[in-house]
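This report refers to the structure that appears directly beneath it.
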Amino acid sequence: MVNVCVVGAAGGIGQSLALLLMRQLPHGSTLSLYDVVGAPGVAADLSHIDSGVTVKYAAGKIGVKRDPALAELAKGVDVFVIVAGVPRKPGMTRDDLFKINAGIILDLVLTCGSASPNAVFCVVTNPVNSTVAIAAQALKKLGVYNKNRLLGVSLLDGVRATRFINDARKPLHVNQVAVVGGHSDVTIVPLFSQLPGPLPPKSVLDPIVKRVQVAGTEVVKAKAGRGSATLSMAEAGARFALKVVEGLTGAANPLVYTYVDTDGKEETEFLAIPVVLGKNGIERRLPIGKMTDDEKKLFQEALPVIKKISKRVTPSPAPTCNG
Ligand code: LMR
């Protein structure tokens with residue numbers, strides 16, 4: 001059975017994500033929890049839930065690089081879900097987090113990649129458009145990079161797009177809106193035209209598109225200094241990790257939208273595209289599919305931004321803090 005490791009498990013996203021995984025991972029799985037503060041408590045708490053999932057943990061220490069406790073826990077892990085890092089505050093963009101979070105991701109991926117080089121890495125930590133590229137650099141440095149096993153979690157954009165369009169066109173209901181591009185502002189490109197059924201008029205649809213692009217900021221503002229989306233992000237992260245598990249275990253070959261190495265199939269090195277998951281991580285990268293002229297315009301605006309921010313230089317590894 002699978003071993004899924006939440007890195008940053010005691011933070012705002014991490015705790016909810018761990019709970020959702022505890023309830024939904026296949027019977028017999030292991031949930032491994034790492035954080036620099038609070039991991040033993042979260043592990044003790046979760047381990048009282050009568051699911052068929054075994055809980056393991058490692059307590060890190062603030063300021064320790066290449067943490068030996070994480071290196072030990074990371075052995076035998078199949079899927080890492082990395083949520084550790086600092087969230088934004090009102091007035092900040094996701095990109096403003098690069099300086100601190102990129103170093104954290106680099107350090108964590110170096111540690112986890114050395115212990116379980118064949119694992120699938122799911123990166124939630126912002127700015128996803130850049131941290132996925134940083135994770136790729138770390139895995140390349142270790143000589144274990146596999147472009148089919150590194151996935152940026154941009155699914156929250158799809159979850160939001162789905163919610164907002166379903167609210168607007170009741171009783172029509174869809175399960176998953178395609179969202180491509182990246183995971184920040186103008187790089188988020190929802191493709192509502194790919195949905196079955198009639199769409200609302202442009203005067204209604206355009207504000208929904210905009211809302212999907214700035215939805216993260218909507219939450220940051222509403223939390224007024226107490227972080228960014230944790231609950232909806234945990235929901236998206238858990239759904240995503242469970243799809244990865246379905247693929248790895250051969251239970252299904254789910255289609256997901258994820259920010260990945262495009263393997264030369266798109267104009268940018270990294271991009272959120274539809275992929276089919278399976279026993280090896282990504283089995284197939286699919287074409288983005290049809291777009292309206294408005295969607296094409298948004299997509300063309302997103303590409304240069306993604307090109308620029310996914311090419312940022314490797315920072316120095318930084319010790320972890322919980323997410
Ligand atoms: C989100 O989309 O809510 C997350 O990426 C967090 C953020 O800073 O917006």
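Note that this is a predicted model, so its numbers are computed, not measured. All ligand and atom numbering here is 1-based and tracks the order in the structure. We're numbering straight along the sequence, starting at 1.
- Close approach of ligand 1 to His183 is summarised as follows: ligand atoms under 4.0 Å from at least one heavy atom of the residue are 1 (C), 2 (O), 4 (C), 5 (O).
- At least one donor-acceptor pair closer than 3.5 Å links the side chain of Lys290 to the backbone N or O of Ser193.
- Distances below 4.0 Å separate heavy atoms of Ser228 from the following atoms of ligand 1: 6 (C), 7 (C), 8 (O).
- Heavy-atom contacts of Met233 reach the following atoms of ligand 1: 4 (C), 5 (O) (cutoff under 4.0 Å).
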Test side chain to side chain contact (heavy atoms under 4.5 Å, CB included) on Asp263 and Arg285; report intermediate values, then the result. CA-CA 9 Å; Asp263 198 18; Arg285 289 164 176 76; 3.7 Å; yes

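- When hydrogens are left out, the protein atom nearest atom 6 (C) of ligand 1 is Asn126 ND2, 3.4 Å; that is the closest non-hydrogen contact.
- When Ile105, Leu97, Ile104 are each tested for a side chain to side chain contact (heavy atoms under 4.5 Å, CB included) with Thr131, only one passes: Ile105.
- Contact annotation: for Asp157 versus ligand 1, there are no heavy atoms closer than 4.0 Å.
- With respect to atom 3 (O) of ligand 1, the closest heavy atom belonging to the protein is Arg160 NH2, 2.7 Å.
- Salt bridge present: Lys202 and Asp294 bring a charged side-chain N and a carboxylate O closer than 4.0 Å.
- Within a 6.0 Å radius of CZ in Arg66, more than 12 heavy atoms belonging to other residues, nucleotides or ligands are found.
- When atom types are taken as modelled, the side chain of Asn166 and the backbone of Thr162 share a donor-acceptor pair closer than 3.5 angstrom.
- Other residues, nucleotides and ligands place more than 12 heavy atoms under 6.0 Å from the NZ atom of Lys140.
- Those atoms of ligand 1 that come under 4.0 Å of a heavy atom in Gly216, given as number and element, are 1 (C), 2 (O), 3 (O), 9 (O).
- Set against the non-hydrogen atoms of Leu156, the atoms of ligand 1 under 4.0 Å away are 1 (C), 2 (O), 3 (O).
- Any N or O atom pair closer than 3.5 Å counts here, and Thr217 shares no such pair with ligand 1.
- Counting atoms of ligand 1 from 1 in the listed order, those under 4.0 Å from a heavy atom of Ala229 are 3 (O).
- Taking atom 9 (O) of ligand 1 as the reference point, the nearest protein heavy-atom neighbour is Arg88 NH2, 2.8 Å.
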Salt bridge (charged side-chain N to carboxylate O under 4.0 Å, His left out) between Lys221 and Glu218: does it pass, once the steps are laid out? CA-CA 5 Å; Lys221 278 190 189 148; Glu218 185 182 314; over 6 Å; no

